[in-house]
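Report on the following structure.
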Amino acid sequence: MASLDVDAVQAFVLVADLGSFTLAAHAIGTSQAAVSVKVKRLEDRLGFRLLDRTPRKVQLSAQGLGFLNPARNFIAAHELAIGGLSSNPRRLVVGISDQVAGPRLPALLAKLGTYDPALVIEVHIDSSQCLMQAFDKKTLDAAIVRREDDRRDGEELTRERIGWFASADWEHCEASPLRLASLSMGCGVRGSATQALDKAGIAWTEVFIGGGMAAIGAAVSAGLAIAALAHSVAPIGTVEVGRRYNLPPLPDSDVVLHSTTTDAAFRGALRTLAAYFRGSNVVGSSDEKSS
């Protein structure tokens, strides 16, 4: 019977979850080459290929798909054995800006328990401004936010493109003010968008102010208005219409991680979250090739 190395199994699960050897390496805190070697050794041990690699993407093979859930259970059992079944759960409190939480994030958060079953992750979704206030008051262990001021501390995870998004059938009458859907006045993306419109001499009016990205996305998808959004959070089915209506380009936006925790388990979970956000800037690369 083949014995399995837990580090190799964890490397495989991370590659599967993040869709990238590079991002898995970020999450583990090692090199892409080291992750590739771990997965290759695991494949050799099992006697079948787990991942199909191309220059542009990595995806599970049929055998890899069948092995994924047992691999998760293997890691969870190992962590429970190391920590002891009676160990008290530890709670990591993370704030994630509503403007950066993409559609894959809930699934990733659910999977984080695989790597440490004793770790409870409490997530607060709010505006970047509110989350930074909470982080400074030490009510959050970490905050992943959009940089909206001159503050330069924190770890930059990615730089995202911001665009003008509307439903596919939305039309703007040039004789009327541009109809905007946005978050509250404290939102940095809203501020950049309205300043750009004012500088370009384009009249605008807010017809919808949402309490969160779900509400903004619904208003845009319904054709009520246009919104300035990061490409990563634009609702499915909406389109970028900046060029169509000669709207001013919007500045890129930095996504930043703030944390002061020194706990090893907390930092491991945060590295995985950070790798997810870095993935928005990873366009298929040749480093996904097998060893």
Side-chain angles (χ1 to χ4, degrees), residues 10-11 13-14 17-20 22-30 75-76 79 82-83 87-160 183-184 186-189 211-214 230 232-233 252-282:
Q10 185 179 50
V13 171
L14 279 168
D17 287 346
L18 297 169
S20 164
T22 302
L23 298 182
H26 283 307
I28 298 173
T30 188
I75 296 170
E79 293 303 323
I82 293 296
S87 61
N88 294 323
R90 290 163 297 148
R91 187 175 299 272
L92 172 64
V93 186
V94 183
I96 301 178
S97 170
D98 198 23
Q99 271 272 25
V100 305
R104 289 174 48 226
L105 185 60
L108 178 63
L109 290 170
K111 294 169 184 173
L112 283 177
T114 298
Y115 311 119
D116 187 349
L119 179 62
V120 175
I121 300 178
E122 178 181 328
V123 177
H124 296 240
I125 303 293
D126 209 327
S127 68
S128 295
Q129 185 180 63
C130 289
L131 292 176
M132 285 309 301
Q133 291 173 354
F135 177 76
D136 289 339
K137 292 177 181 177
K138 303 187 185 306
T139 58
L140 297 175
D141 296 307
I144 298 175
V145 299
R146 203 171 288 288
R147 181 176 281 149
E148 296 184 341
D149 53 28
D150 294 331
R151 185 168 177 163
R152 286 295 176 265
D153 57 331
E155 174 188 356
E156 183 176 321
L157 302 181
T158 187
R159 175 165 290 185
E160 293 192 322
L183 295 175
S184 66
C187 172
V189 173
M213 286 304 301
S232 63
V233 299
D252 294 342
S253 177
D254 293 335
V255 177
V256 181
L257 166 65
H258 295 269
S259 175
T260 57
T261 183
T262 58
D263 182 277
F266 287 1
R267 292 184 66 82
L270 290 175
R271 281 199 305 269
T272 302
L273 283 175
Y276 163 82
F277 286 101
R278 286 194 178 96
S280 65
N281 258 2
V282 173

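The OH atom of Tyr276 sits 12.5 Å away from the CG atom of Asp17 when rounded to the nearest 0.5 Å. Here CG of Asp136 is found 8.5 Å from NE2 of His258. Values are rounded to the nearest 0.5 Å. The line from CD1 of Ile96 to CG of Leu273 is 5.5 Å long, rounded to the nearest 0.5 Å. Between atom CG of residue Leu157 and atom CG of residue Leu270 there is a gap of 10.0 Å, rounded to the nearest 0.5 Å. Here the OG-CG distance, from Ser259 to Asp141, works out to 7.0 Å after rounding to the nearest 0.5 Å. Taking CG of Leu140 as the reference point, atom OG1 of Thr261 lies at 12.5 Å (rounded to 0.5 Å).
Contact between Val100 and Phe277 at its shortest, heavy atoms only, is O-CE2, 3.2 Å. The shortest heavy-atom contact between Leu18 and Ala275 is CD1-CB, 3.8 Å. Taking every heavy atom of both residues into account, Thr22 and Ser20 meet most closely at N-OG, 3.1 Å. Listed here is the closest heavy atom pair of Ala274 and Leu257: CB-CD2, 4.5 Å. Among all heavy-atom pairs drawn from Ser127 and Ser97, the shortest one is C-OG, 4.5 Å.
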Stepwise side-chain contact (heavy atoms from CB on, under 4.5 Å) check, Val255 with Gln99: CA-CA 10 Å; Val255 177; Gln99 271 272 25; over 6 Å; no
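Every side-chain hydrogen bond (donor to acceptor under 3.5 Å, both in side chains) that Glu122 has, sequence neighbours left out, goes to Arg91, His124. Among residues two or more places apart in sequence or in another chain, the side-chain contact (heavy atoms from CB on, under 4.5 Å) test is passed with Glu156 by Arg147, Arg159, Asp254. Residues meeting the salt bridge (Lys or Arg N to Asp or Glu O under 4.0 Å) test with Arg271, sequence neighbours left out: none.
Applying the side-chain contact (heavy atoms from CB on, under 4.5 Å) test between Leu131 and each of Ile144, Val145, Thr139 identifies Val145 as the sole match.
No side-chain heavy atom of Val189 sits less than 4.5 Å from a side-chain heavy atom of Leu183.
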